[in-house]
Student: 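Here it is: the structure, laid out below.
Please read these numbers as outputs of a predicted model, since none were measured by experiment.
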Amino acid sequence: MVKDQAALKKRAHLALDLVLTGLAFVAAYYMKRHWLGDMSGLSIDPNYYLVLLATLVCCAISFDFFGFYDPSRGRRFDDVLVRIVKGVGVGTVGVVVLFYLLKEEDVSRLLMGVFFLLNVVLLVISREVVRVIRTHQLKRGVSKREILVVGSRERAKDMIRYVLATEELGYSVVGCLEVSPGAVGTQVTEDVSVIGSMDDFQDVLLNMAVDEVIFAMPLGLIDNVLDHIGFAEEVGVNVRVLPDWQFQKLMYQPEIASVFIEPFAGIPTLALSSTPRKGVELLFKEFIDRASALLGLAILSPLFLLVALMIRLSSEGPVFFRQERSGLNGRVFNMYKFRTMVQDAEKLKKNLAGTNEMDGPVFKMKNDPRVTKIGRFLRKTSLDELPQLINVVMGEMSLVGPRPPLPSEVREYTPWQRRRLSMKPGLTCIWQVSGRNEISFEEWMRMDLEYIDKWSLMLDLKLLFKTVPTVLLGTGR
């Protein structure tokens, strides 16, 4: 999956670069032809559509040759600038040489010179914009994958240094676990230490946001290693095993996860994944989510203003309700909703504990006295959920996915229930369109796991279409 996503990102980055290259060429042509007037000397021959095509092909080859899309290359500004100047320069010279060999010597050298300068500027600006956005996302924890490393010796150290030095991978190491409790507190690298022993394995997975566990030590040295791997599979955390392939000797048969060999940190690893191995589709899902959410916020802005006015006129308190929820693999984020309850509703919840109509750790009550009149309407039509489009834009939620639980609810999950956190939470899901509060908590959890195991873009589309009648007919809670 990581390999598929990396390949797709490379193609997308190349496509962006070629679009900017084409814009630079068109701009250079326009400047040469119109700004200089009769002094331009720009002939009709050769056909500049062919020159543009040749420029795109030569630059694409040159960009790849100079490692534009290699995450292991230096990311400092001066390294990037030198690489861009070389790539664009060689591509430009390649075009001129190509048409010279074809006996088409009328290609404007000045036009190609202007193109060179414009293309360098555009590519440098695009790199800086992407870098700033990427840095902002990583600081907020969005798109960052948290790794727990089992082992702290040389094999683990080499892998950790590579991962942390290659920011493009978007990985962060939460810490290392060792076999011996006496190693706890040992500094592995400058930023990573041993945070526990293998006795703490389950507690770490249950109480910290961990996306992957990497076994970077011989599996034969770990007691009950099958139980540890099985637990990670049960809670939906991916597992990787760095060679020497002792995993194969243990003959572990996953019940849920798929097993495959995948490159990581420059070496092949044996990987187990309890989430869909559809890296390209998942990237499309994220793109569709954010683009649709942005469009939805723009289109629905008048409705947002109307609902906000209704809330302010009907009761005291803020328009929006903000609450901590558990997202992907337990990441805590602030979820937004239109306020549907009176002020201090969370404090009043303690007095209603005995009236909970839902089994399990969640609290649901059909005629909750804390809900305002406008709030009942918003809940019935699910309009109170619309501000979560903001969470989707921020990358914390998806349009479709398991509903985000409270951290207090997650603490009461059994391991198999926690696997529902292995995909990003969503605005709607199977439970949302299947009766909601009429469904038991355990059945709700199984619906979410069914969604994860059978996920596809088509399934998301079907659930979105099923959500529309729920909103229009007011069959929500």
Student: Nearest 0.5 Å, please: how far is OH in Tyr171 from CD1 in Ile160?
Tutor: 14.0 Å
Student: Is the backbone of Ser197 close enough, under 3.5 Å, to the side chain of Asp200 for a donor and an acceptor to pair up by distance?
Tutor: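 Indeed, once roles are kept as given, a pair shorter than 3.5 Å links the two residues.
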Student: Please walk me through it: do Leu457 and Lys285 pass side chain to side chain contact (heavy atoms under 4.5 Å, CB included)?
Tutor: CA-CA 7 Å; Leu457 288 174; Lys285 173 181 171 70; 3.9 Å; yes
Student: If the test is side chain to side chain contact (heavy atoms under 4.5 Å, CB included), which one of Leu177, Val204, Val225 qualifies with Met198?
Tutor: Leu177
Student: Look only at the side chain of Glu412 and the backbone of Glu409, and say whether a donor-acceptor pair between them is shorter than 3.5 Å.
Tutor: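 Pair absent, no side-chain N/O of Glu412 close to backbone of Glu409.
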Student: Look only at the side chain of Asn391 and the backbone of Met397, and say whether a donor-acceptor pair between them is shorter than 3.5 Å.
Tutor: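 Such a contact is absent between Asn391 side chain and Met397 backbone.
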Student: Please list all pairs passing the side chain to side chain donor-acceptor pair (under 3.5 Å) test where one or both residues lie in residues 313-324, with sequence neighbours left out.
Tutor: Ser315-Arg339, Gln323-Arg325
Student: Could you tell me which non-hydrogen atom of Val149 sits nearest to which non-hydrogen atom of Ala156, and how far apart they are?
Tutor: CG1-CB, 4.0 Å
Student: Test side chain to side chain contact (heavy atoms under 4.5 Å, CB included) on Gln388 and Val393; report intermediate values, then the result.
Tutor: CA-CA 9 Å; Gln388 288 160 44; Val393 173; over 6 Å; no
Student: So, do Ile84 and Phe68 sit near enough that their side-chain heavy atoms are less than 4.5 Å apart?
Tutor: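 SC-SC contact between Ile84 and Phe68 confirmed.
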Student: Show the nearest heavy-atom pair for residues Val410 and Pro405, with the distance to one decimal.
Tutor: CG2-CG, 3.5 Å
Student: Determine whether Asn329 and Val210 make a side-chain contact, defined as any pair of heavy atoms from C-beta on separated by less than 4.5 Å.
Tutor: no
Student: For Asn207 and Asp203, indicate whether the former's side chain and the latter's backbone hold a donor-acceptor pair under 3.5 Å.
Tutor: yes
Student: Looking only at heavy atoms, what is the nearest atom pair of Lys337 and Glu385, with distance?
Tutor: CE-OE1, 3.7 Å
Student: Taking the side chain as every heavy atom from C-beta outward, state whether Val174 and Ile147 have any pair of such atoms under 4.5 Å apart.
Tutor: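 No. Closest side-chain heavy atoms not under 4.5 Å.
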Student: Kindly indicate, with the supporting measurements, whether the criterion salt bridge (charged side-chain N to carboxylate O under 4.0 Å, His left out) is fulfilled by Arg376 and Asp384.
Tutor: CA-CA 10 Å; Arg376 295 188 192 283; Asp384 61 321; over 6 Å; no
Student: Between CG of Leu378 and CE of Met341, what distance do you get to the nearest 0.5 Å?
Tutor: 12.0 Å
Student: Rounded to the nearest 0.5 Å, what's the gap from OG1 on Thr340 to NZ on Lys373? Could you check?
Tutor: 15.5 Å
Student: In this structure, is the centre-to-centre distance between the rings of Phe320 and Phe338 below 6.0 Å?
Tutor: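 When the ring centroids of Phe338 and Phe320 are compared, they turn out to be within the sub-6.0 Å range.
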Student: Mind checking whether Glu443 and Trp431 have side chains closer than 4.5 Å, heavy atoms only?
Tutor: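 Not in contact.
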Student: Does Arg312 use its side chain to pair, donor to acceptor, with the backbone of Pro318 at less than 3.5 Å?
Tutor: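 Checked: no pair found.
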Student: Is it true that the side chains of Glu178 and Ser152 contain a donor and an acceptor less than 3.5 Å apart?
Tutor: yes
Student: Taking only Lys NZ, Arg NE, NH1 and NH2, and the carboxylate oxygens of Asp or Glu, determine whether Asp17 and Arg127 approach each other closer than 4.0 Å.
Tutor: yes
Student: Test side chain to side chain contact (heavy atoms under 4.5 Å, CB included) on Tyr451 and Val400; report intermediate values, then the result.
Tutor: CA-CA 10 Å; Tyr451 167 78; Val400 183; 3.6 Å; yes
Student: Could you check whether any side-chain heavy atom of Glu212 comes within less than 4.5 Å of a side-chain heavy atom of Leu148, counting everything from C-beta outward?
Tutor: no
Student: At what distance, to the nearest 0.5 angstrom, does CE of Met423 lie from CG of Asp453?
Tutor: 10.5 Å
Student: Considering only NZ, NE, NH1 and NH2 on the basic side and carboxylate oxygens on the acidic side, decide whether Arg153 and Asp158 come within less than 4.0 Å.
Tutor: no
Student: Closest heavy-atom contact between Met335 and Pro404?
Tutor: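 Reported closest heavy-atom pair: SD-CG, 3.5 Å.
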Student: Are any non-hydrogen side-chain atoms of Leu399 and Thr428 less than 4.5 angstrom apart?
Tutor: no
Student: Minimum heavy-atom separation for Leu427 and Gln432, please, with both atom names.
Tutor: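 That would be O-NE2, 3.7 Å.
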Student: Go through Arg419 and Val237 one step at a time and tell me if the side chain to side chain contact (heavy atoms under 4.5 Å, CB included) criterion holds.
Tutor: CA-CA 8 Å; Arg419 188 164 71 90; Val237 175; over 6 Å; no
Student: Can you tell me if Lys424 uses its side chain to pair, donor with acceptor, with the backbone of Pro402 under 3.5 Å?
Tutor: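 Answer holds: no.
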Student: Please list, chain by chain and in numerical order, all residues satisfying ring pair (Phe, Tyr, Trp, His ring centres under 6.0 Å) with Phe201, sequence neighbours excluded.
Tutor: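 Phe201 satisfies ring pair (Phe, Tyr, Trp, His ring centres under 6.0 Å) with His228 only.
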Student: Check the pair Ser193 / Gln187 against side chain to side chain donor-acceptor pair (under 3.5 Å), numbers first and verdict last.
Tutor: CA-CA 4 Å; Ser193 62; Gln187 205 69 25; 4.7 Å; no
Student: Using 0.5 Å steps for rounding, measure from the CG atom of Asp211 to the OG atom of Ser422.
Tutor: 10.0 Å
Student: Do the side chains of Leu386 and Leu300 get nearer than 4.5 Å, heavy atoms only?
Tutor: yes
Student: Does the pair Arg446/Glu442 count as a salt bridge with the N-to-O cut at 4.0 Å?
Tutor: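 Glu442 and Arg446: salt-bridged.
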Student: For the atom pair OG (Ser172) and CG (Asp191), what is the distance rounded to the nearest 0.5 Å?
Tutor: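 Rounded to the nearest 0.5 Å, the OG-CG separation comes out at 9.0 Å.
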Student: Please report the shortest heavy-atom distance between Ile195 and Met208, naming the atom on each side.
Tutor: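 So the two residues come closest at CD1-SD, 4.2 Å.
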Student: Just so I know, are the side chains of Cys176 and Val150 near enough to count as touching, which here means a heavy-atom distance under 4.5 Å?
Tutor: no
Student: Dump the intermediate steps for side chain to side chain donor-acceptor pair (under 3.5 Å) on Ser398 and Asp289, then the final yes or no.
Tutor: CA-CA 6 Å; Ser398 179; Asp289 283 341; 2.4 Å; yes
Student: So, is the end of the Arg403 side chain (NZ or CZ) under 6.0 Å from the ring centre of Trp444 and within 45° of the ring's axis?
Tutor: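 The answer is no, since Arg403 fails at least one limit relative to Trp444.
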